[in-house]
Every structure is written in structure tokens, then in C-alpha cells.
Amino acid sequence: MQKKKSLGIFADQKFIVLIIVVVLYVVFSLISKDFRKYSTMVMMLDATYYILLLAIGVTFPLITGGVDLSIGTGMICYGLTGGFLVVQKGFPTWVGLIVAVLFGLLIGILNGVLVAIMDLPPFLATLCTCMMTRGLGSICANSFAIPWPGAKAEGGWFHAIFKLTVGAGRKAMNYPVGVIVLAVIVLLMSFVLNHTRVGRYTIAIGSNKEATRLSGVNVKAYHITAYAISGLFAGLASLAYAAAIPTIQPGTGAGIELDAIGGAIVGGVSPTGGAGSIIGTMLGVFVIQLLKTGLPYIGLEANWQQIITGLVLIGAVLIDVIKQRRAALEG
Amino acid sequence: MVGDLSVAQNIFIGREPRQGFRIDDKKMIEDSKALFDKLRIDIDPTEKMSELTVGKQQMCEIAKAISHNAELIVFDEPSAALTEKEIEDLFAIIRDLKAQDLGIIYISHRMDEIKVITDRVTVMRDGCYVGTLITADCTKEDIINMMVGRVIYEKPKEKSLVPDDAPVVLKVEHLNAGKMVQDVSFELRKGEILGFSGLMGAGRTETARAIFGADPKQSGDIYVNGEKVEINSPEDAVKHGIGYLSEDRRRYGVVVGKSIIENSTMAALEEYMRGLFINKGKEKEVAEKYIKELGTKTPSSDQLVVNLSGGNQQKVVIAKWLVRNSDILIFDEPTRGIDVGAKNEIYKLMNKLASEGKSIIMISSEMTEILRMSDRIVVMCEGKKTGEVKIEEATQELIMDKATRQMEA
């Protein structure tokens, strides 16, 4: 019956992951002169925004005890569709953005319906929509590779959400303003998870779905909402992807979801559901991205990054398994 | 039994006859046929197990046991799912086995069957051995007397505390939900504690879950405060002021990994919002109010429910429904897994709630609990309501008689 908070912040996985992030950054910077350059950091951040957005979204289905595998190919699909309207059909950029986000939301709701109403296992349901969005993206974009407008081109204003370029030529300075935008989103979604009914019931569903249902909660609606949020964020991520990658290629995107899901798990989202935080997810994504970007700088091939990321994930999942086993012993 | 395999495959699972690396299907089928012939059972060994009736599946299980050279076979409530004809067949086989010097243990709550098929009868109560009788020398009443026991630790309630003119708050008419709830009708009145008695598997929990919308029902009408209501989900039931306190608290009652606060407002969170956001201050306030009122023992309201004892977990569930202001509470085995001291506290709470005008359905397998708490008692057996007893007339024997009665035999 005693209160178990005596371990303080050290018991919090977030804190451990934060230390790992700092250590990785310091170690890589000490070893590699190139890694500690400002331009490297800006480049690394550019490649992080879309994964972070995907990870924030997928945190919700993960906490319900499910998963969303459709976010990687989905993001490409929404980006292609929105971009096609802008580049090929001459719509203004904002129309393309809204279409991309709504498309994501739609697929998210579809995932939610498949899981919550049709009772499909989340892994299968979202694997199917993963395949579907891969095909759909190519169809919607007429199989074109889509280059969204560049930063300087007309309609390229959305680049400034993530990277503000001031000046021109050799004097040009890049400011990673995306950090601020993402920080706001992280705080906002953190608030949603901890201070709204959607968040509370997302966690409750992952913790004990049946007890939640027997409390009179409309479990199906909240379950769908979790997947809708995931889809919505895949739509938002497509915008960050368009800002980071000059040309979106049809048929790509598979595997990106694994970085996002891996990041969330490393950040303390329980793989069996019921626990997790947006801040943790963000830190977890940083770990994954630091390994991905940093390891080549210290002379390890990209392949090693995959292996090490895998090992880090096993570690993170083990922590959760041990926690649960201990809880089961105490309970 | 594995439904997708054939009868023969099931009987010889784990010890299939072989021919080199290959399973010898032919021999397996022949052996099964021989086995069935010996038992005088008529089943095709090549048929898929899942396509047989429950009765025939049971026959296969018996055949399997015999083929293992069993000397003792335990039948655990074998007749529950069988038709009358199938029961006769089963008894014929049991008599055959007996003639072949096999020992049979036959677990049943059907008195008539026990009289017909057994030689001796052993009675158990609350996990303890009570005694053994020679079947031929005893009457049904003798067995029932042993089942109820003579000692009552707590004085039963002497008379109903519900005034005669108390309004009916919940009326259930002709409720049907699967095999375990057949044509159940009853009324619950304001301030009443209505006991639901019966043996394990009598369909009481199923009835409660059907009323609460936790499981689908086939037919039946439910009236709350005289008005007919549609209840198709727990959400509907909660809206009409019904709360269900499951017998399995850890699985269905509380979210053990979350705090007392979060559990307390689980059913009524919409009342603890400030715009889109949860008003955590108000939430904590109400949780702490009920910790005090119900006497929940915990260091703080942030405590995870998993760290509480059974009795205190039950109080959290009670708090959940009080926060929701539910007027009809269904307690399913309210004191299961709760120690004696905490039990009394739960009883006091239930009495207090009833005196404050809440109406309570209390499902209980403990006879003393039923007699001590109820104002009126509904007795169920095999999915049917077999009786309704006023507390003034209730005795253990009377209730047990109804709980073991076989409706049609």
C-alpha cells in the first residue's frame, strides 16, 4: 500500500532517454568535426520533423494497444495527391495541403473503423491500408513523381514553416524554425493526451478496454479517434516531408513508419498499450534520428545504424516487459 | 478437443500411430471405430469434431479417456449442455463403464441425476468436504441439508426494510440472452436489496450483464422508473442510472494500472470538464470526497488501484458509480476475494446506500450473505428464474431447493 514514487525521475523512462539523447549528441560531436557543424544539425532536423509528426500520431494507436503501419506509405500517398493538385492541376498550395491532411484523416478513420467496429487485428488492418495507400498514391498522382514547389518558387511558402532561409547566395542563413512549430505541436498533443477525454480514454482503452466499456464509455468512438489522430498526423507529416525531400516518389514510404513506431517505443510507449507520453515519443525519435545521422559520421556504415537501432528497441521493450512482470508480482 | 481436426485425430492426438514418418491414418480410424463399437457409440471417426453435437463431442471425450486406459473418469456437470435423449445415452455408457470396473466421479447439481446414476454422494460446501452418503439410503432433503449446513454465522435479516409502497425502479420482463438467461422477469424497488441466489453457473451474472448491455440480448423489455428503455450497450445502461460492479474486479471493475482519481471519474468524466479539458482539481476533489466517505484505505488519491487491497478496490468501484450518481447498482459477488473485516464494511456500505434510496441487486453464492443482506431473494437455476422468496420466509433449505430444482426432466 505504500506509495511507489521513491525512485524519482530516474524511474521515468523519459529521463533515461533524455540522457541517451544528450550522450549520443556529445559523443558524436566529440568524434566527428563534421557532425558538430550547424549545417549538419539543420539537415538532421529537416529529416526529423516528418518522422516526429508520424510518431506523435502513431503514439495514440500504440497506447490503445494497437499499431498503425499505414502511416509511412500513407504520408507519401497524401503528399503525392496534394502535390499533384498543386503542381499538375494548378491549385494553390494551401488546397494541396488541406487535401493531404483530410486524406490522411480519412484513411485514419478507415483504420479506426476496421479495428474498433470490424474487430480486425490492428496489425492486419493497417497492413492492408499500408498496401492500399501505396497503390492509391501512385494512382492519385497519375504515377508522376511530384516535386512540390521549392522554397523560392511560387507557392513554396510552406518551407518557411520548417526552415527559414534569410539572405541569398553565400550569405544565406538557415533557421530551423520547425523546432518551434514542433515544440508547440508536442506540447499541444501532450495536453490532449493528459488533459482531455480523448487522451484519458485512449490510455484507458489500452490499459483495460473491457473495464472502460463497462464504465459506460463509448469505447468504439474513442478507439476510432485514436486512429483518426494517427492518420491526421500522417497527413501533416506529408507536408514536412515535402519540405525536406525535393521530389516525392510514388511507391516509396514503406519502412518510414518503423522509425516512427520505434521512436515511440524507445520513448516509453508501452508496446502492449496503456502507457506512454508525447514528450517520451519525441525523445525516442531523437535517439533514432541521432543514430541514423550520427553513425555514418563516426565511420560506421548505415547498415550498422539499423542493427544498433534494433538493439536499442529490444532494450526499450525489455524495460517494459520487466516493469509489467514486476507489477504482476506486486499485484 | 480441437474443433478443426477429425474425431479420430482428436482421440489419438499426441500418440498417433505411425508408419515410418507418416501418420497411419487408416489404423487410427480403424482403432477409433473399434473403440466406438466397444462403447456402442455411433460416430463416424472421419467427421470433423466441430461438426458434432455437444453430446457426441462428449462421447468422443469419453472414448479418448477410455483409450488412455483410464481407471477413473471424472464427469464435471456433463449433462448441462445435453438433451434428454443424450443424457440417457450418457447414462447407459456410464453404467457400461461401471460394469467394466471403472471408477466414476460425477459432479452435478441436478439432484434427480444424482439419485439415478450414483451409488454414493459426497457433498462439498465452500471448498470443504461435508460428508458422504449412500445414495439409496438418503433423500433429496438429506443432501440439501448437508449442502446448506446448519451453522449460520451472521443473523439473517428478519424482515424487509422496504416499505410496501416503494416504487418499482427497475422492471425486467421476459429477458432472454443465450442459454444462460431464459425468460427472466423480476422487479426491483426503490431502496431494496434484491438478492440473486443460485449455484455456480445458474445464469445470474449473465442476467446482470444482459440487463447492463454488456452482452447482447435476444429479447425482453427493461423499464427504468416505469419507462421502457432501450439498452444495447453499457453506455445506454449507465445513462439510465444503472451501474454494474463485476465479480471480477481486476478485469472488469477497475483499470488497475491507473490511479484512484482516474477510476473514480471513469463513468462520469463529462461532468468533470472545463470546456475541452479535464478539470483535474475538481476530479481530485470528488475522488477524495469518496475516499473519505467510503473509508477507502490509501495513502493518497494518486495511488494506483493495483496497489490497493480487494476491499479497497471494491470501494473504488463503488465510488465510480456514486460519482456517476447511478441509482441502480448491480453488485456481482460483492465480497469475493475480500477479507472478513472488509466484508462487514462493504455490507454496511450497501445497507447505507439502500437506506439512502439506491436500489441494489446483489448476486451472491454465499448463503449467509444472501440471508443477511437481502430484502427479497430471486433464485435462479440453469438460466431460469426458479423462485422468488420474501426474506421473512427465506430459509437456506428453501433457497437451495429452488436452486437445485430441475425445471423439466
Side-chain angles (χ1 to χ4, degrees), chain A residues 1-6 11 63-65 116-117 119 187-223 225 229 268-270 272-276 320 323-331, chain B residues 209 212-215 233-246 248-258 261-270 272-280 283 297-300 302-309 312-313 317 320-321 323-324 326:
Chain A
M1 283 250 277
Q2 74 275 25
K3 211 171 162 185
K4 292 195 183 74
K5 268 197 171 170
S6 49
I63 290 180
T64 65
I117 311 254
D119 267 337
L187 289 178
L188 181 75
M189 293 318 284
S190 225
F191 211 77
V192 168
L193 187 60
N194 295 315
H195 293 269
T196 67
R197 267 186 285 178
V198 168
R200 173 72 60 87
Y201 290 143
T202 298
I203 297 171
I205 287 169
S207 207
N208 188 339
K209 188 175 166 195
E210 190 57 12
T212 308
R213 184 176 82 98
L214 292 178
S215 297
V217 176
N218 189 343
V219 168
K220 284 183 178 146
Y222 287 101
H223 211 164
T225 307
I229 291 174
V269 174
S270 166
T272 49
D320 189 71
K323 260 193 214 158
Q324 294 211 349
R325 210 173 284 163
R326 207 178 285 168
L329 276 178
E330 282 166 3
Chain B
R209 286 179 60 96
F212 190 60
D215 294 326
S233 68
E235 201 189 348
D236 295 339
V238 171
K239 264 189 208 131
H240 289 112
I242 304 175
Y244 174 62
L245 297 90
S246 168
D248 192 345
R249 282 182 290 279
R250 296 169 147 275
R251 268 171 72 195
Y252 302 134
V254 282
V255 182
V256 290
K258 298 293 148 208
I261 301 181
E262 283 169 78
N263 274 286
S264 299
T265 55
M266 181 73 89
L269 200 51
E270 63 269 24
Y272 293 84
M273 305 295 288
R274 191 189 282 142
L276 278 175
F277 306 116
I278 297 169
N279 186 341
K280 292 208 170 176
E283 217 189 355
K297 283 182 205 73
T298 171
S300 83
D302 303 321
Q303 180 70 297
L304 298 188
V305 170
V306 69
N307 296 326
L308 301 180
S309 69
N312 286 307
Q313 288 186 356
V317 185
K320 175 170 84 181
W321 296 118
V323 170
R324 183 64 180 79
S326 305

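Throughout, protein chains are lettered first and strands after them, A, B, ... in sequence-line order, and every chain is numbered starting at 1. Keep in mind that this is a model prediction, so the values were computed, not measured.
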Exercise. For B/L276, is it the side chain, the backbone, both, or neither that has a heavy atom closer than 4.5 Å to a heavy atom of chain A?
Worked result: backbone
For this session: Check whether B/V254 gets within reach of chain A through its side chain, its backbone, both or neither, counting any heavy atom under 4.5 Å.
Result: backbone
For this session: Sort B/A237 into side chain, backbone, both or neither according to what part of it lies under 4.5 angstrom from a heavy atom of chain A.
Result: neither
Seminar exercise, completed: The interface call for B/Q313 against chain A, heavy-atom contacts under 4.5 Å, is neither
Problem set entry | B/R251 side chain near A/E210 side chain, heavy-atom distance below 4.5 Å | no
Seminar exercise, completed: Closest heavy-atom pair, B/A267 versus A/S215, reported as atoms and distance to 0.1 Å, is CB-O, 3.3 Å
Exercise. Do the side chain of B/K258 and the main chain of A/G274 share a donor and acceptor less than 3.5 angstrom apart?
Worked result: yes
For this session: Could you tell me whether the side chain of A/R213 reaches within less than 4.5 Å of the side chain of B/Y252, counting heavy atoms only?
Result: no
Problem set entry | Sole candidate of A/V217, A/N218, A/L214 that passes side chain to side chain contact (heavy atoms under 4.5 Å, CB included) when paired with B/E235 | A/N218
For this session: Drop me the distance from A/R200's CZ to B/I278's CD1, to the nearest 0.5 angstrom.
Result: 4.0 Å
Seminar exercise, completed: Applying a strict 4.5 Å limit to non-hydrogen atoms, the region of A/R197 in contact with chain B is both
Problem set entry | chain A contact via B/F212 - side chain, backbone, both or neither, heavy atoms under 4.5 Å | side chain
For this session: Output the option from B/R274, B/K320, B/K239, B/R249 having the highest count of non-hydrogen pairs under 4.5 Å with chain A.
Result: B/K320
Problem set entry | Contact check, side chains of A/T212 and B/V255, non-hydrogen atoms, under 4.5 Å | yes
